[in-house]
Amino acid sequence: MKTAILVNGIPASGKSTVARGVADRLGCPLMTLDTIKDPLFEHVGVGDREHNRMLGRASYAIIFKAIGDWPDPAIVVIDAWFGFQPVEVLDAHLVAAGIGRTAEIWCHVPADVVAERYRARLGTRSVGHPGEAYLPELIALSARATPIGGRSRFDVETTQPIPFDTIMPWLDDVVNDRLNKA
């Protein structure tokens, strides 16, 4: 059985920093939506918003398809905004990939910080990602975004130093508790 640590949050919420830190500390693979999506933009092409969303959905499916081919047991950190698809899609991917244990790390910050962070990285993102015109939508998303729920969750407010010294023992407890019950 595989274990996935789902690092969740809207764009610019700090989830990539958290995900990298967790994966480094665990010494396990990190799968990110952008790692898959950016090469698709480069090789398949960038289109309108719906085309780019389609590539995002395909990237999401590729992550879980790849993990499904890994041997058991495996632990993986997955960095994505899990709210862009219905939770039923996530659940189906988890089952298909053989992921039986999950934990969620929910990353969040105030709307003004999300907007500032997103604006600051516009020049470094591939052209398939929304530009500055996306900021009002992102700000509105920050007001209504919620964690996945239904699983163990650790909340991280990423304007503060990331509390890895608290996150890692929590993950150890969650994973080991679930291992003992499996």
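We number each residue from 1, following the sequence as shown. Just so it is clear, the values below take in all heavy atoms, side chains as well, and ignore hydrogens, waters and symmetry mates.
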Asker: Answer yes when Arg125 and Asp38 have at least one side-chain N-carboxylate O distance shorter than 4.0 Å, and no when they do not.
Answerer: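 No salt bridge links Arg125 with Asp38.
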Asker: Is there a side-chain contact between Asp72 and Lys2, using heavy atoms and a 4.5 Å cut-off?
Answerer: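 They are in side-chain contact.
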Asker: How many angstroms lie between CD1 in Ile67 and CE in Met31, if you round to the nearest 0.5 Å?
Answerer: 5.0 Å
Asker: Answer whether the closest heavy-atom distance between the side chains of Arg49 and Pro130 falls below 4.5 Å.
Answerer: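 Arg49 reaches Pro130 side chain to side chain.
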Asker: Taking C-beta and beyond as the side chain, do Tyr118 and Glu132 meet within less than 4.5 Å on heavy atoms?
Answerer: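 SC-SC contact between Tyr118 and Glu132 ruled out.
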Asker: Any side-chain heavy atom of Pro11 within less than 4.5 Å of one from Leu138?
Answerer: yes
Asker: What's the separation between atom CD1 in Ile62 and atom CZ in Arg57, rounded to the nearest 0.5 Å?
Answerer: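 Taking CD1 in Ile62 and CZ in Arg57, the distance rounds to 12.5 Å.
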Asker: Leu55 and Val89: same hydrophobic cluster, using ILVMFWY side-chain contacts below 4.5 Å?
Answerer: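 They do share one cluster, since a chain of ILVMFWY contacts under 4.5 Å joins Leu55 to Val89.
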Asker: What I want to find out is whether Asp91 reaches Arg151 closely enough, with some N-O distance under 4.0 Å, to be called a salt bridge.
Answerer: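 Yes, this pair counts.
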Asker: Donor-acceptor pair, His51 side chain versus Gly45 backbone, under 3.5 Å?
Answerer: yes
Asker: Does the side chain of Val156 reach to within under 4.5 Å of the side chain of Trp106, using non-hydrogen atoms?
Answerer: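 Answer no - side chains too far apart.
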Asker: Hey, any chance Phe82 and Ile75 share a hydrophobic cluster, counting ILVMFWY side chains that come within less than 4.5 Å of each other, even indirectly?
Answerer: no
Asker: Any side-chain heavy atom of Asp24 sitting closer than 4.5 Å to one from Leu30?
Answerer: no
Asker: Counting distance only, does the side-chain N/O of Thr102 pair as donor-acceptor with the main-chain N or O of Ala4 below 3.5 Å?
Answerer: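 It does not hold such a pair.
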Asker: Would you say Pro110 and Thr159 make side-chain contact, with heavy atoms under 4.5 Å?
Answerer: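 Yes, close enough: below the 4.5 Å cut-off.
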Asker: Following the transitive rule for hydrophobic clusters with a side-chain heavy-atom cut-off under 4.5 Å over Ile, Leu, Val, Met, Phe, Trp and Tyr, establish whether Leu135 and Val127 coincide in one cluster.
Answerer: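 Yes, one cluster joins them.
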Asker: Assigning hydrophobic clusters by single linkage (Ile, Leu, Val, Met, Phe, Trp, Tyr; side-chain heavy-atom cutoff under 4.5 Å), is Leu6 placed with Met168?
Answerer: no
Asker: Taking Gly21's backbone N and O only, do any of them form a donor-acceptor pair with Arg25's side chain (distance below 3.5 Å, no angle check)?
Answerer: yes
Asker: Just verifying a value: how many Å separate Cys107 SG and Ile162 CD1, rounded to the nearest 0.5 Å?
Answerer: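 Going from SG on Cys107 over to CD1 on Ile162, the span is 6.5 Å.
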Asker: Would a hydrophobic clustering, with Ile, Leu, Val, Met, Phe, Trp and Tyr connected at side-chain separations under 4.5 Å, put Ile148 with Val7?
Answerer: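 No, Ile148 does not connect to Val7 through the hydrophobic network.
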Asker: Below 4.5 Å, heavy atoms only, C-beta onward: do Ile105 and Ile167 meet side chain to side chain?
Answerer: yes
Asker: So how far is it from Ile78 CD1 to Glu104 CD, rounded to the nearest 0.5 Å?
Answerer: 12.0 Å
Asker: Evaluate the side-chain hydrogen bond (donor to acceptor under 3.5 Å, both in side chains) criterion for residues Arg101 and Ser152: first the C-alpha distance (whole Å), next the side-chain angles of each, then the deciding distance (0.1 Å), finally the verdict.
Answerer: CA-CA 10 Å; Arg101 290 180 294 273; Ser152 298; over 6 Å; no
Asker: Measure the acute angle between the ring planes of Tyr60 and Phe84, then classify it against the limits of 30° and 60° as parallel, tilted or perpendicular.
Answerer: perpendicular
Asker: Go through the structure and list residues passing ring pair (Phe, Tyr, Trp, His ring centres under 6.0 Å) with His129, not counting sequence neighbours.
Answerer: Phe41
